[in-house]
Amino acid sequence: MEIFLEYVDKIGLTGIIVAITAFLVGMKFPDWDFKLKLQHRSILTHSPLFLFLLMELYKKERSETFRFFIAGFALALTVHFIFDFFPKGWSRGALLHIPVARTALPVKISKLLFIASIIVSAYITLKMINSFEEYVFFALLALWTFLKNTIREEKFFRPCLLFVILFLFMGSMKFDEVNKNLNKSRKQLVSYVKDIKKW
């Protein structure tokens, strides 16, 4: 319990609450296209456009609370877009749509834009994270969401694996702790494989 409290203290309880709130809002945000009377998977909501607006506002009004909000919101978009990248089939509602023209983009362009949106959203998440403790917190928040939505989304392995690879890769470029742990794991894996071959 003491370790948990110390961990919370390092991040800050306010930051955790704000990040989780922003994350929950962000998970629903792309599907607000229904409320805005847009076609489903409109490029207006299924892209980092709103994140760019938040980043511009952050340049003018820098605060810890706003930083945690953007990080939580960006992480949610990353997770949402990853789930959307693995539809049951690439047709109709799975494709990105252009507003006004009310036309669906081709499959290849939809896939490329989804990949770009995932990378940009993940990048902004990492950009807003200042410490390794925060990095672990956001990673766990995303992983918990993948587990929680497994039944509803009817998918887990591929979306979760994509997130883990992307988040570890980006995290290793920012935090030495991630890089060291990855190198340590790689060495242990190589050693394990060598032991197996000896048998």
Side-chain angles (χ1 to χ4, degrees), residues 3-4 6-12 15-16 18-20 22-24 26-27 30 46-52 54-55 58-59 62-86 111-150 153 155-197:
I3 296 175
F4 174 75
E6 286 179 11
Y7 189 81
V8 170
D9 189 54
K10 286 181 180 179
I11 301 174
I16 290 174
V18 170
I20 292 175
F23 182 83
L24 295 174
M27 283 296 294
H46 284 74
S47 71
L49 290 175
F50 188 68
L51 275 180
F52 295 148
L54 291 179
M55 291 299 290
Y58 181 70
K59 290 178 183 177
R62 292 178 179 271
S63 71
E64 282 295 283
T65 302
F66 198 20
R67 179 175 72 82
F68 273 101
F69 181 89
I70 294 175
F73 195 90
L75 180 69
L77 291 189
T78 304
V79 173
H80 189 113
F81 295 154
I82 287 176
F83 271 126
D84 283 352
F85 187 68
F86 295 98
K111 287 182 177 181
L112 286 173
L113 288 177
F114 263 122
I115 291 171
S117 295
I118 290 167
I119 292 172
V120 170
S121 299
Y123 171 79
I124 291 175
T125 303
L126 268 296
K127 187 177 177 63
M128 291 292 104
I129 293 174
N130 284 345
S131 68
F132 179 66
E133 287 78 15
E134 291 176 11
Y135 172 83
V136 173
F137 163 70
F138 283 104
L140 291 175
L141 180 59
L143 293 174
W144 169 77
T145 304
F146 282 113
L147 283 169
K148 183 175 73 70
N149 290 310
T150 298
E153 295 287 345
K155 49 198 163 189
F156 170 75
F157 184 73
R158 290 186 298 164
C160 189
L161 182 61
L162 175 57
F163 172 80
V164 169
I165 292 172
L166 181 64
F167 215 63
L168 283 176
F169 175 72
M170 288 187 168
S172 67
M173 292 189 289
K174 183 167 185 175
F175 301 108
D176 290 335
E177 294 93 334
V178 179
N179 207 16
K180 288 176 182 177
N181 285 324
L182 283 175
N183 287 330
K184 185 179 178 181
S185 297
R186 181 179 58 80
K187 289 177 181 178
Q188 288 177 341
L189 182 61
V190 170
S191 177
Y192 180 71
V193 170
K194 286 181 178 179
D195 289 340
I196 292 176
K197 287 182 177 180

Notebook entry, point to check: For the atom pair CZ (Phe83) and CG (Asn149), what is the distance rounded to the nearest 0.5 Å?
Noted result: 5.0 Å
Note to self: What's the separation between atom CZ in Arg67 and atom CD in Glu134, rounded to the nearest 0.5 Å?
What the structure shows: 4.0 Å
Checklist line | Lys111: side chain to side chain contact (heavy atoms under 4.5 Å, CB included) partners, not counting sequence neighbours | finding: Phe85, Trp90, Val107
Next item on the list: Using modelled atom types only, decide if a donor and an acceptor are shared between the side chain of Lys174 and the backbone of Ile129 within a distance under 3.5 Å.
Entry: yes
Item checked: Spacing of Leu162 atom CG and Phe157 atom CZ [to the nearest 0.5 Å] -> 11.5 Å
Notebook entry, point to check: Taking it one step at a time, do Phe146 and Leu161 satisfy side-chain contact (heavy atoms from CB on, under 4.5 Å)?
Noted result: CA-CA 10 Å; Phe146 282 113; Leu161 182 61; over 6 Å; no
Next item on the list: Enter the distance from Ile82:CD1 to Ile115:CD1 here, rounded to the nearest 0.5 Å.
Entry: 11.0 Å
Item checked: Heavy-atom closest pair, residues Ala71 and Thr125 -> O-CG2, 3.8 Å
Check: Phe132 and Asp176: side-chain contact (heavy atoms from CB on, under 4.5 Å), yes or no, with the steps?
Finding: CA-CA 9 Å; Phe132 179 66; Asp176 290 335; over 6 Å; no
Check: Is there side-chain contact between Ile124 and Phe73, with at least one heavy-atom pair below 4.5 Å?
Finding: no
Check: Closest heavy-atom contact between Ala142 and Val79?
Finding: CB-CG2, 3.9 Å
Check: Can you list the steps and then say if Phe68 with Phe138 is a side-chain contact (heavy atoms from CB on, under 4.5 Å)?
Finding: CA-CA 10 Å; Phe68 273 101; Phe138 283 104; 4.1 Å; yes
Notebook entry, point to check: Under 4.5 Å between any side-chain heavy atoms of Pro48 and Leu77, yes or no?
Noted result: no
Check: Which heavy-atom pair separates Leu75 from Leu141 by the least distance, and what is that distance?
Finding: CD2-CD2, 4.1 Å
Checklist line | Criterion side-chain contact (heavy atoms from CB on, under 4.5 Å) on Asn130 and Glu64, from CA distance to verdict | finding: CA-CA 10 Å; Asn130 284 345; Glu64 282 295 283; 4.2 Å; yes
Note to self: Testing the basics here: between Leu143 and Cys160, what is the closest heavy-atom pair and its distance to 0.1 Å?
What the structure shows: CD2-SG, 3.7 Å
Next item on the list: Any chance you could measure Phe86, atom CZ, to Phe81, atom CZ, to the nearest 0.5 Å?
Entry: 14.5 Å
Margin query: On a heavy-atom basis, which atom in Met170 and which in Leu126 lie closest, and how many Å separate them?
Written below: CB-CG, 4.1 Å
Checklist line | Heavy-atom pair with the smallest gap, counting every atom of Ser172 and Val178 | finding: N-CG1, 3.6 Å
Item checked: Geometric class of the Phe175/Tyr135 ring pair [parallel <30°, tilted 30-60°, perpendicular >60°] -> tilted
Item checked: CD1 on Ile118 to CG on Leu113, rounded to 0.5 Å -> 11.0 Å
Next item on the list: Describe, in one word, how the ring planes of Phe114 and His46 are oriented to each other, choosing from parallel (under 30°), tilted (30 to 60°) and perpendicular (over 60°).
Entry: perpendicular
